[in-house]
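One structure is given here, and the rest of the page talks about it.
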Amino acid sequence: MVHLWVRAEQRPAEQRVGIMPDGVAALLAAGHRVTVEQSDARAVPIDGYRATGCDIAPAGAWQTAPDDAIIFGLKELDPDGPILRHRHIMFGHAYKGQADGPALLRRFRDGGGALYDLEYLTDPNGRRIAAFGYWAGFAGAAVGLKVWAAQQASDQPGPDSIGVYANRDALVADLQADLAIALKGGATQPDMIVIGALGRVGSGAVDLATTLGLSVTKWDMAETAQGGPFPEILDHAIFVNCILANPNVPVFVPKSALAAPRKLTVIADVSCDPSSQYNPIPIYSESSSFDAPLTRATQGPPPLDVTAIDNLPSMLPLESSQDYAAQLLPALLDLDRIDAGVWGRAKTVFDTFVAQV
């Protein structure tokens, strides 16, 4: 029997969750134990989990959970937290040169715990078994368009914040209104280039653009194989990057682009790895947030704004949670074989990196 402990997210405004009440019911039916922490932010009310018969605990109680509990959350923990003695399932952001990665790994090393990073749950061919990618791309392109619309209305960076939407239709309706106002004011309808268009993330970005009737250029590995430079990117109003930072990814927008002639005024960096040494958009150095959604890289003219929110699916927390939880549930049902298969592969990655700190 496995004891899965679903913690409350620590990041402000994070409403997503990695398992739905029906998933909890499935784990219980399989003979496992499940504890779900209460959360005022979670998109799924606690009553749905309580109705399954699982245990309910206060937010943050995972720190005193039994040693054998497997702690499950989505986003990373508070960087100032204690050493980690449990096995944790989450997005750790610790293996690609991120600034906070070594400190997190040291907390696991010192506490004797382990990280099963959700990004590294892969099948034997290396493909991720579950991802928020589609909704990250959809939301990232949406934020990019909102930033573009704000540029048409004012010389000052905007919008001041990005909200959470009840569903996809509500977000699309809001964007249609933004676009109509901008076009009525004399703006030319923006075009978009999506790099990584054939992947899950890119498909979400492309779907957002086509839903709104925007012209979209779809690039993937074939178009970027020569390694740059890529002047075509500068010839679009909005660039959506859907390629994860890694040593094999070329620079898409170098610092020299800030002074170059360009149509480009908005970059939506969905992959959002500004602290990585492999960041393909090295014109900004800090992630954005829903409360501060952009960095103005240059005032221009024209201006160039970068939006790089690393929890984009939180714009549509219910739909993205439902989608992700359905993908992940088969692996959660296999947690009693945590040393093998998808879990064993994730543990091997952790062991490799924790040995280096």
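Just so it is clear, the structure is predicted and the values come from calculations on it, not from any experiment.
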Using the salt bridge (Lys or Arg N to Asp or Glu O under 4.0 Å) rule, take K96 and D273 through it: C-alpha gap first, then chi angles, then the decisive distance, then the call. CA-CA 9 Å; K96 294 188 293 186; D273 246 339; 3.5 Å; yes

Can you hop from [X] to [Y] via hydrophobic side chains spaced under 4.5 Å?
X: Y134; Y: L121; answer: no
X: W135; Y: I129; answer: no
X: F91; Y: I309; answer: no
X: L316; Y: L74; answer: no
X: L118; Y: L312; answer: no

Go through it in stages, so that I can follow the logic: the residues are M1 and D336, the test is side-chain contact (heavy atoms from CB on, under 4.5 Å), and I'd like the CA-CA distance, side-chain angles, deciding distance and then a yes or no. CA-CA 7 Å; M1 180 190 77; D336 52 355; over 6 Å; no

Under 4.5 Å between side-chain heavy atoms, chaining through other members, with only Ile, Leu, Val, Met, Phe, Trp and Tyr counted: pull out the rest of the cluster around [X], sorted by chain and number.
X: L304; result: I193, I195, W219, F230, I233, L234, F239, I243, V249, F252, V253, L258, L264, I267, I281, I283, Y284, V306
X: L198; result: none
X: L77; result: W5, W62, I71, L84, M90, Y95, L104, L105, F108, L115, Y120, V349, F350, F353, V354, V357
X: L244; result: none

Would you find a donor on one side and an acceptor on the other, under 3.5 Å apart, between the side chain of [X] and the backbone of [Y]?
X: D291; Y: S161; answer: no
X: D220; Y: A222; answer: no
X: Q189; Y: G213; answer: yes
X: E9; Y: R42; answer: no
X: S320; Y: P313; answer: yes
X: E37; Y: A59; answer: no
X: T348; Y: G344; answer: yes
X: S288; Y: A308; answer: yes

Other residues, nucleotides, ligands: >12 heavy atoms within 6.0 Å of Q63 CD: yes

Heavy atoms only: give me the nearest [X]-[Y] pair and the separation to one decimal.
X: P157; Y: L294; value: CB-CD1, 3.6 Å
X: D78; Y: R107; value: O-NH1, 2.9 Å
X: Y49; Y: I19; value: OH-O, 2.6 Å
X: P280; Y: A245; value: CD-CB, 4.2 Å
X: D160; Y: P293; value: O-CD, 3.4 Å
X: S314; Y: R16; value: OG-NE, 3.2 Å

Please list, chain by chain and in numerical order, all residues satisfying side-chain contact (heavy atoms from CB on, under 4.5 Å) with [X], sequence neighbours excluded.
X: A237; result: W148, P190, D191, K263
X: I83; result: D110
X: P254; result: V251, S256, A257
X: A268; result: V240, T307

Nearest-0.5 Å distance, [atom1] of residue [X] to [atom2] of residue [Y]:
X: T52; Y: D22; atom1: OG1; atom2: CG; answer: 10.0 Å
X: N279; Y: Q98; atom1: CG; atom2: CD; answer: 11.0 Å
X: Q38; Y: I56; atom1: CD; atom2: CD1; answer: 7.0 Å
X: E286; Y: C272; atom1: CD; atom2: SG; answer: 11.0 Å
X: I238; Y: T217; atom1: CD1; atom2: OG1; answer: 12.0 Å
X: E14; Y: E76; atom1: CD; atom2: CD; answer: 9.5 Å

Between E319 and N167, does the side-chain contact (heavy atoms from CB on, under 4.5 Å) criterion hold? Intermediate values first, please. CA-CA 7 Å; E319 287 163 313; N167 52 49; 3.8 Å; yes

Heavy-atom side-chain proximity of [X] to [Y] below 4.5 angstrom:
X: I70; Y: H3; result: no
X: L28; Y: C54; result: yes
X: T35; Y: V6; result: no
X: W343; Y: L332; result: yes
X: R11; Y: N311; result: yes
X: T122; Y: R127; result: no

With sequence neighbours excluded, what pairs up with Y116 under the ring-ring contact (aromatic ring centres under 6.0 Å, His included) test? none

Can you name the residues that form a ring-ring contact (aromatic ring centres under 6.0 Å, His included) with F132, not counting sequence neighbours? Y324

side-chain contact (heavy atoms from CB on, under 4.5 Å) for Y278 and N248? Distances and angles first, verdict last. CA-CA 8 Å; Y278 308 120; N248 299 316; over 6 Å; no

List the steps, then state whether side-chain contact (heavy atoms from CB on, under 4.5 Å) holds for M20 with S321. CA-CA 8 Å; M20 304 298 286; S321 293; 4.2 Å; yes

Test log, rule side-chain hydrogen bond (donor to acceptor under 3.5 Å, both in side chains), inputs S39 and R7: CA-CA 9 Å; S39 170; R7 63 173 170 85; over 6 Å; no

Any salt bridge between R33 and D55, counting N to O under 4.0 Å? yes

What side-chain donor-acceptor pairs closer than 3.5 Å can you find for residues 169-185, not counting sequence neighbours?
| residue | atom | partner | partner atom | Å |
| --- | --- | --- | --- | --- |
| D174 | OD2 | K146 | NZ | 2.9 |
| D174 | OD2 | Y165 | OH | 2.5 |
| D178 | OD2 | K146 | NZ | 2.5 |

Which pairs pass side chain to side chain donor-acceptor pair (under 3.5 Å) with one or both residues in residues 83-94, sequence neighbours excluded? D67-R85, K75-H93

